[in-house]
Asker: 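Before I ask anything, let me first share the structure, which is written out below as structure tokens.
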Amino acid sequence: MFCYSIRVNKLFRLGVLGSGKGSNFAAIADAIDAGQIPAQVGVVLSDVEGAGILSHAREREMAAQFIPPGKFRTKLDEDAERGYVAALQAARVDLIVLAGFMRVLKGDFLRAFEGRIVNIHPSLLPSFPGLESWKQALDHGVKVTGCTVHFVDAGVDAGPIIGQQTVPVLDNDTPESLHQRIHAVEHDLYPKCVAALARGEISVLGRRVLWRKS
Ligand code: GRF
């Protein structure tokens with residue numbers, strides 16, 4: 001009698017959260033389609049019913065759901081938080097990718113996915129956390145800014161840094177022109193970081209994130 005075993009390689013699954021147009025999500029989905037990220041999108045969730053990110057997902061025939069955020073303006077209320085956690089668990093996601101999700105994640109959500117949530121922020125953290133960081137960079141007069149992909153912890157834009165890419169600030173920049181150039185660079189950086197996470201090439205040592213080629 002022959003004995004054999006079949007090893008089914010489970011594909012790494014992403015849960016994506018966004019509130020806006022979803023250009024970072026589209027860049028990640030394109031990279032998956034191009035075979036650059038060994039992952040699949042389990043579900044896309046949004047706190048904004050008409051968000052572009054949901055349309056992008058539906059156009060690609062991915063599971064996409066609007067979950068009302070509840071009574072607060074900058075965070076999810078308890079019921080909503082439970083709804084998000086349940087939807088992400090039901091989709092069996094390995095990594096939560098925040099792609100322009102405009103609410104701070106708290107307690108139970110962070111505990112449910114500890115060490116498995118990443119975000120992209122449009123500045124070179126720890127400079128200029130919070131809102132409109134391209135405007136903060138211009139107002140401060142820095143000559144170089146950029147974007148950062150980082151793990152999410154209980155702080156705001158504060159977790160260990162996975163990757164950064166720089167963007168020069170030009171003398172004739174307006175907030176809009178600078179924001180646009182940062183956005184373009186995000187579409188390069190985020191897929192690279194998600195690919196490294198999906199390949200298991202990322203490890204965390206205290207605050208330091210180490211990249212190892214597999
Ligand atoms: C990006 O600028 C990102 O840095 C910030 O939210 C924006 C999302 O843009 N966290 P998009 O919806 O991916 O186009």
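Computation of the quantities below employed the complete heavy-atom set of this structure, encompassing side-chain atoms and omitting hydrogens, waters and symmetry-equivalent molecules. Order of listing sets the numbers, starting from 1, for every ligand and every atom in it. All residue numbers in this chain count up from 1 along the given sequence.
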Asker: Does Met102, at its CE atom, have more than 12 non-hydrogen atoms belonging to other residues, nucleotides or ligands within less than 6.0 Å?
Answerer: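 No, the 6.0 Å shell around CE holds no more than 12 heavy atoms from other groups.
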Asker: Quick one: nearest non-hydrogen protein atom to atom 8 (C) of ligand 1, plus distance?
Answerer: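 Going by distance alone, atom 8 (C) of ligand 1 is nearest to Gly100 CA, 3.6 Å.
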Asker: So do the side chains of His183 and Lys21 get within less than 4.5 Å of each other, counting heavy atoms only?
Answerer: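 Of all side-chain heavy-atom pairs linking Lys21 with His183, at least one is under 4.5 Å.
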Asker: Checking the N or O distance criterion of under 3.5 Å, is ligand 1 in contact with Phe25?
Answerer: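 Such a contact does not occur with ligand 1.
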Asker: Would you indicate whether the side-chain heavy atoms of Pro160 and His150 approach each other to under 4.5 Å?
Answerer: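 Counting from C-beta outward, His150 and Pro160 never come under 4.5 Å.
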Asker: Which ligand 1 atoms are under 4.0 Å away from a heavy-atom of Pro122?
Answerer: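 Those qualifying, in numeric order: 4 (O).
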Asker: Test: ring pair (Phe, Tyr, Trp, His ring centres under 6.0 Å). Region: residues 20-75. Which pairs qualify, not counting sequence neighbours?
Answerer: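 Ring pair (Phe, Tyr, Trp, His ring centres under 6.0 Å) check on residues 20-75 returns no pairs.
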Asker: Under 4.0 Å between a Lys/Arg side-chain N and an Asp/Glu carboxylate O for Asp108 and Arg82?
Answerer: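 Result for this pair is no, no salt bridge flagged.
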Asker: Would you indicate which of Met102, Glu186, Lys21 comes nearest to atom 1 (C) of ligand 1 when only heavy atoms are counted?
Answerer: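 Comparing heavy atoms across Met102, Glu186, Lys21, the nearest one to atom 1 (C) of ligand 1 lies in Glu186.
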Asker: What protein heavy atom sits nearest atom 14 (O) of ligand 1, and how far away is it?
Answerer: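 Ranking protein heavy atoms by distance from atom 14 (O) of ligand 1, first comes Ser23 OG, 2.5 Å.
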Asker: Quick one: does any side-chain atom of Thr148 pair with a main-chain N or O of Ser123 as donor and acceptor, under 3.5 Å?
Answerer: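 Checking the backbone N and O of Ser123 against the side chain of Thr148, a donor-acceptor pair under 3.5 Å is found.
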Asker: Any chance CD of Gln180 has more than 12 other-residue heavy atoms, nucleotides or ligands included, within less than 6.0 Å?
Answerer: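 No.
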Asker: Does any N/O atom on Asn119 come nearer than 3.5 Å to any N/O atom on ligand 1?
Answerer: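 No, since none of the N or O atoms of Asn119 sits under 3.5 Å from an N or O of ligand 1.
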Asker: Taking only non-hydrogen atoms of Cys147, do any sit less than 4.0 angstrom from ligand 1?
Answerer: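 Cys147: no contact with ligand 1 (<4.0 Å).
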Asker: Within the structure, does Gly22 bring an N/O atom to less than 3.5 angstrom of an N/O atom in ligand 1?
Answerer: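 Yes, since at least one N or O of Gly22 sits under 3.5 Å from an N or O of ligand 1.
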Asker: Would you mind checking which non-hydrogen protein atom is closest to atom 5 (C) of ligand 1, with the distance to 0.1 Å?
Answerer: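 Answer for atom 5 (C) of ligand 1: Ile120 O, 3.8 Å.
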Asker: Could you check atom 9 (O) of ligand 1 against the protein and tell me its nearest heavy-atom contact, residue, atom and distance included?
Answerer: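 Nearest protein contact, heavy atoms only, for atom 9 (O) of ligand 1 is His183 NE2, 3.2 Å.
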